[in-house]
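Excluded from the calculations below are hydrogen atoms, water molecules and symmetry mates; all remaining heavy atoms, backbone and side chain alike, are included. Predicted model, so just to flag it, every value in this text is computed and none were measured.
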Amino acid sequence: MAIFHRGLTVLAALVGLTASGSAFAGMGQPSPWQLGFQGAATPVMEQINDFHTYVTIIITIIALFVLALMIYVMVRFNERRNPDPSRTSHNTPLEVAWTVIPILILVAIAIPSFRLLFAQYDFPKPDVTITATGSQWYWSYEYPDEGIRFDSIMVPEANLKPGQPRLLSVDREVVVPVGANVVVGLKSNDVIHDWAVPSFGVKLDAVPGRLQQTWFRAEKEGWYYGQCSELCGRNHAFMPIAVRVVSQDEYDAWIAENKTAAIDTEGKVAAAQD
């Protein structure tokens with residue numbers, strides 16, 4: 001009985017949080033008492049949300065139907081109401097129905113599933129190309145068309161600035177323009193890592209010796225965070241991903257600034273070697 005009351009208390013708390021809005025997922029990063037996915041910032045993530053809702057409705061209807069059927073059978077065909085049980089062993093229409101209906105349900109799930117897979121793996125012409133390389137335990141990024149390369153390392157908790165999320169902030173974030181098709185090539189220097197940004201609907205392994213690709217098109221400016229989603233070693237939890245989506249003008253200014261910094265660095269290295 002005590003367990004039942006505790007369950008009711010937890011359920012009431014969840015309902016209260018949902019009603020207040022604090023339990024809903026935020027955009028770009030986790031939220032306290034989050035329910036559901038993070039907010040969608042890309043067309044692919046919107047499709048994932050829609051597909052998730054669609055399948056949830058189907059399985060809820062199936063579960064309610066089975067529950068109602070079980071209750072009906074227990075009430076209608078119990079020993080008290082049927083002292084002389086039926087000897088029926090076959091019902092052809094019923095057997096056809098419970099074979100055909102599940103097939104139709106699977107087809108109804110498969111069609112939008114294939115459409116979603118096509119959207120995820122049909123790469124558009126890239127506006128920005130980035131290579132992300134996983135190492136134990138940080139990410140390295142390269143913009144090959146711009147000659148820009150940098151490492152992205154987690155900011156320790158003691159060095160966090162106001163507004164920076166714990167375990168997600170980095171010293172140098174990826175910067176992309178809003179509305180641009182960004183193709184990300186994934187590599188690894190050591191073990192299997194995983195580049196995952198929930199609000200983008202992106203999650204793909206970085207495998208040693210292989211170059212894999214994914215893509216996204218962020219349609220809202222802001223900060224978006226993710227983490228390595230493979231158990232890649234002792235500090236697996238400390239190699240976050242941060243992407244800042246900005247306007248095209250801001251992106252052009254960032255590219256120009258980082259190109260200049262890269263040229264200056266190369267010049268100093270060459271002078272030191274001479």
Side-chain angles (χ1 to χ4, degrees), residues 1 3-19 21 23-25 30 33-124 192 194-205 207 210 212-217 219 229-231:
M1 198 67 180
I3 294 176
F4 175 73
H5 286 302
R6 289 176 186 172
L8 287 179
T9 302
V10 171
L11 181 61
L14 290 174
V15 171
L17 285 169
T18 304
F24 290 108
W33 293 91
Q34 174 179 321
L35 295 177
F37 297 134
Q38 293 182 21
T42 67
V44 168
M45 189 59 199
E46 289 178 358
Q47 279 190 250
I48 292 174
N49 279 335
D50 292 343
F51 181 66
H52 173 266
T53 303
Y54 173 70
V55 174
T56 300
I57 292 172
I58 290 176
I59 63 177
T60 301
I61 292 173
I62 292 172
L64 292 175
F65 172 75
V66 172
L67 176 62
L69 189 61
M70 290 177 64
I71 293 173
Y72 173 77
V73 169
M74 287 187 291
V75 173
R76 176 67 181 80
F77 299 105
N78 60 63
E79 184 179 5
R80 183 180 302 173
R81 296 191 62 177
N82 295 271
D84 185 18
S86 170
R87 301 297 178 181
T88 303
S89 60
H90 292 285
N91 186 308
T92 301
L94 182 60
E95 292 174 1
V96 170
W98 73 39
T99 301
V100 173
I101 292 175
I103 293 174
L104 295 177
I105 292 173
L106 291 176
V107 171
I109 293 174
I111 292 172
S113 174
F114 293 147
R115 188 181 298 121
L116 175 58
L117 286 172
F118 183 80
Q120 288 178 307
Y121 294 103
D122 181 38
F123 297 99
I192 297 177
D194 188 282
W195 204 80
V197 182
S199 284
F200 292 167
V202 171
K203 184 181 184 298
L204 187 66
D205 282 350
V207 181
R210 293 181 61 184
Q212 306 214 95
Q213 286 188 319
T214 185
W215 79 282
F216 64 87
R217 182 174 69 247
E219 297 185 332
S229 296
E230 282 287 354
L231 296 175

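A distance of 13.5 Å separates CG of Asp205 from CH2 of Trp195, quoted to the nearest 0.5 Å. Taking CG of Leu204 as the reference point, atom CD of Glu230 lies at 10.0 Å (rounded to 0.5 Å). The distance from the CD1 atom of Ile109 to the CD1 atom of Ile59 is 8.5 Å, given to the nearest 0.5 Å. Atom CZ of Phe65 and atom CE of Met70 lie 12.5 Å apart (nearest 0.5 Å). Rounding to the nearest 0.5 Å places CZ of Arg115 at 10.5 Å from CG of Asp50. To the nearest 0.5 Å, the span separating NE2 on His52 from CZ on Phe37 amounts to 4.5 Å.
Between Tyr54 and Phe51, the two ring planes are tilted [angle within 30° to 60°]. The aromatic rings of Tyr72 and Phe77 lie perpendicular to each other, with more than 60° between the two planes, well past the 30° mark.
Surrounding CD of Glu95 are more than 12 heavy atoms belonging to other residues, nucleotides or ligands, all under 6.0 Å away. Counting non-hydrogen atoms of other residues, nucleotides and ligands closer than 6.0 Å to CE of Met74 gives a total above 12.
The two atoms that bring Val44 and Leu116 nearest to each other are O-CD1, 4.1 Å, heavy atoms only. In this structure, Ala119 and Trp215 approach most closely via the heavy-atom pair O-NE1, 3.1 Å. Closest approach of Ala40 to Asn49, counting heavy atoms only: CB-ND2, 3.5 Å. Taking all atoms of both residues into account, the shortest heavy-atom contact from Arg217 to Pro43 is NH2-CG, 3.2 Å. A pairwise comparison of heavy atoms in Thr99 and Ile103 identifies O-CG1, 3.3 Å as the closest pair. Scanning both residues, Gln212 and Val207, for their nearest heavy atoms gives NE2-CG2, 3.8 Å.
Within the 4.5 Å cutoff, side-chain heavy atoms of Ile105 are placed close to those of Ile62. Contact of the Gln120 side chain with the Thr214 side chain is not registered, since no non-hydrogen atoms from C-beta on lie closer than 4.5 Å.
Between the side chain of Glu46 and the main chain of Ile48, no donor-acceptor pair closer than 3.5 Å is present. Using modelled atom types, one side-chain atom of Asn82 and one backbone atom of Arg76 make a donor-acceptor pair closer than 3.5 Å.
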Inset, instruction - Begin with the C-alpha distance, continue with both residues' side-chain angles, and end with the deciding distance and a verdict on side chain to side chain contact (heavy atoms under 4.5 Å, CB included) for Arg81 and Val75. - result: CA-CA 8 Å; Arg81 296 191 62 177; Val75 173; 3.9 Å; yes

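Take Ser199 and apply the side-chain hydrogen bond (donor to acceptor under 3.5 Å, both in side chains) test, not counting sequence neighbours, and it matches Gln38.
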